[in-house]
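Here's the structure, in structure tokens; my notes come after.
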Amino acid sequence: MSSTSHQHPASAPVYVVDLDAGHAQFLARQVRAAGIYSEILPRTRTGELADRAAAGVILAGDQSLASVEPLPGVPVLRAPRETWREEDLAAFLGGLDVPRTWTPEAIIDAQVAAIRERVGTDRVICGLSGGVDSSVAAALVQRAIGDQLHCVFVDHGLLREGEVEQVRRDFVAATGVNLTVVDATDQFLAALAGVSDPEAKRKAIGREFIRSFEAAARGLVAEAAGAPVRFLVQGTLYPDVIESGADGATNIKSHHNVGGLPDDLQFELIEPLRELFKDEVREVGEALGVPESIVWRQPFPGPGLGIRIVGEVTAERLAILRRADAIVREELSAAGLDRQIWQCPVVLLADVHSVGVLGEERTYGHPVVLRPVESEDAMSAQWSRLPHELLAQISQRITAEVREINRVVLDVTNKPPGTIEWE
Ligand code: XMP
């Protein structure tokens, strides 16, 4: 059971029975977009419906897999993936006797009340990554308990241009959170020296992250005389909860890298986004005044630019990649494509020396790869058909403004078979 359900802005949910993973999530989001709270129920657990109060039931996907006993008085909608219609869903929802109270404001109010009640006068810490989830989770907890929350931001030196400032300056200004910044760039670079295997990089980054976070957390615990630091905020989302298979299980996102804290430094988890889909997290973030640059940030991997340099990660290579990446982001934004594109990794092939020509001279530089993709959930992705004029502009700018790069190439591979990241 979720820690917050007793404060819920909705009485009884619409249950969406999952007969087809992607489709069930899609329908559950549609129901919520209509202001009605919905939950996904795996088809192996439909028996539980008999004991739960349900406003309605939607059987999402292959109907031959559905075996739901009719529940007295509970409307049921059959929605096979191929033949369901938006009008049918709207009519079904229109016929339900439920209040349409699932709004960002109501979610915030309910969470604020639940967090206050649970935390009391104790203290809470939160690791910020610069991403949407940890930022919105922190802003929500800050709204509830103010200065009892302390955030830690480990700057691993692998973020993109401007992102550290967005956290240090813009996020703090917008939300008023207490923030400790750990500048660990040198430590991460030292750990990455000589490492070019992608999984070894991830391990090194994960290990250093835990070390830095743990040191900062110990500092805060030691300082907090009188009011113990009892809780840790996690930006777990509803799809993580569904995918972990058990909605009671504690599910720590491995890429947040705080799952490995030592036994003497254990916290109870606060997961204020546990019931929310990503689009709801963004709406809640906007309602809380989290800066747009963070709320609308595209997915970015925890190990950051460290896994976008094919080869060893060095300060110099990071600086090169950062400049190229900034140009790409600027041009995609100027073209109005930010919300259409899922993400666009820019990858530096640091060990490849490509031949170029500048005036009369031959040059040796590196190629960068543009990897723009469109996706619903990152499980599969299509390469984006960016306009040729835009590609020309990006290529022209990168080769003119970043001396070390003399070749820009485009990745035209779908996922599968190619992953989104190169490493
Ligand atoms: P792939 O490359 O597997 O990526 O198609 C799917 C999504 O996951 C992100 N990604 C990561 N995120 N730590 C993260 O936090 C990682 O090690 C990692 N590797 C990939 C990737 O950016 C994409 O959104």
Side-chain angles (χ1 to χ4, degrees), residues 21-22 25 127-137 153-160 163 167 188 191-192 195-210 212-213 234-237 239-240 242-244 251-260 273 277-279 281-282 294-311 313 318 321-322 325 328-329 332 337-349 368-384 410-423:
Q25 287 204 29
L128 284 180
S129 68
V132 185
D133 306 343
S134 64
S135 304
V136 174
F153 172 50
V154 176
D155 178 6
H156 55 17
L158 304 168
L159 289 184
R160 293 171 295 182
E163 289 183 325
V167 177
F188 277 80
L192 286 166
V195 181
S196 35
D197 174 70
E199 287 315 303
K201 286 181 188 176
R202 282 190 173 82
K203 282 211 181 83
I205 293 167
R207 192 180 57 234
E208 292 311 318
F209 187 92
I210 291 168
S212 306
F213 186 83
Q234 286 267 300
T236 316
L237 305 195
D240 308 324
I242 301 167
E243 274 150 35
S244 78
N251 174 50
I252 296 181
K253 272 191 175 178
S254 60
H255 66 263
H256 280 187
N257 291 327
V258 289
L273 312 179
F277 288 109
K278 193 81 173 193
D279 46 348
V281 171
R282 293 203 158 107
I294 293 178
V295 166
W296 286 100
R297 177 160 301 165
Q298 292 173 346
F300 185 65
L305 299 180
I307 55 164
R308 291 186 179 170
I309 293 173
V310 180
V313 178
L318 281 166
L321 177 55
R322 218 170 249 136
D325 175 84
V328 175
R329 284 190 291 143
L332 288 174
L337 292 172
D338 285 337
R339 298 198 187 177
Q340 180 186 326
I341 285 174
W342 172 265
Q343 63 186 133
C344 180
V346 178
V347 181
L348 179 65
L349 304 186
V368 281
V369 180
L370 310 180
R371 175 65 166 141
V373 292
E374 279 156 46
S375 178
E376 278 292 315
D377 55 8
M379 301 292 283
S380 65
Q382 294 75 47
W383 62 276
S384 300
L410 179 66
D411 185 341
V412 292
T413 320
N414 289 337
K415 173 184 179 177
T419 51
I420 294 176
E421 303 291 346
W422 267 47
E423 290 205 322

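Residue numbers count from 1 along this sequence. All values below were derived from every heavy atom in this structure, side-chain atoms included, with hydrogens, water molecules and symmetry-related copies excluded. Note that the structure is a prediction, hence the values are computed from the model and not measured. All ligand and atom numbering here is 1-based and tracks the order in the structure.
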Winner among Glu199, Glu423, Glu421, Arg202 once heavy atoms are compared against atom 17 (O) of ligand 1
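Closest candidate by heavy-atom distance is Arg202.
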Got an N/O contact under 3.5 Å between Gly302 and ligand 1?
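Among all N and O atoms of Gly302, at least one is under 3.5 Å from an N or O of ligand 1.
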Could you tell me whether some N/O pair between Ile420 and ligand 1 is separated by less than 3.5 angstrom?
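In this structure, Ile420 places an N or O atom under 3.5 Å from an N or O of ligand 1.
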Should you measure from each heavy atom of Lys415, which atoms of ligand 1 turn up under 4.0 Å away?
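Heavy-atom distances to Lys415 below 4.0 Å select 1 (P), 3 (O), 5 (O), 6 (C).
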Just by distance, do the side chain of [X] and the backbone of [Y] share a donor-acceptor pair under 3.5 Å?
X: Arg371; Y: Thr419; answer: yes
X: Lys201; Y: Ile307; answer: no
X: Arg322; Y: Leu305; answer: no
X: Glu163; Y: Arg160; answer: yes

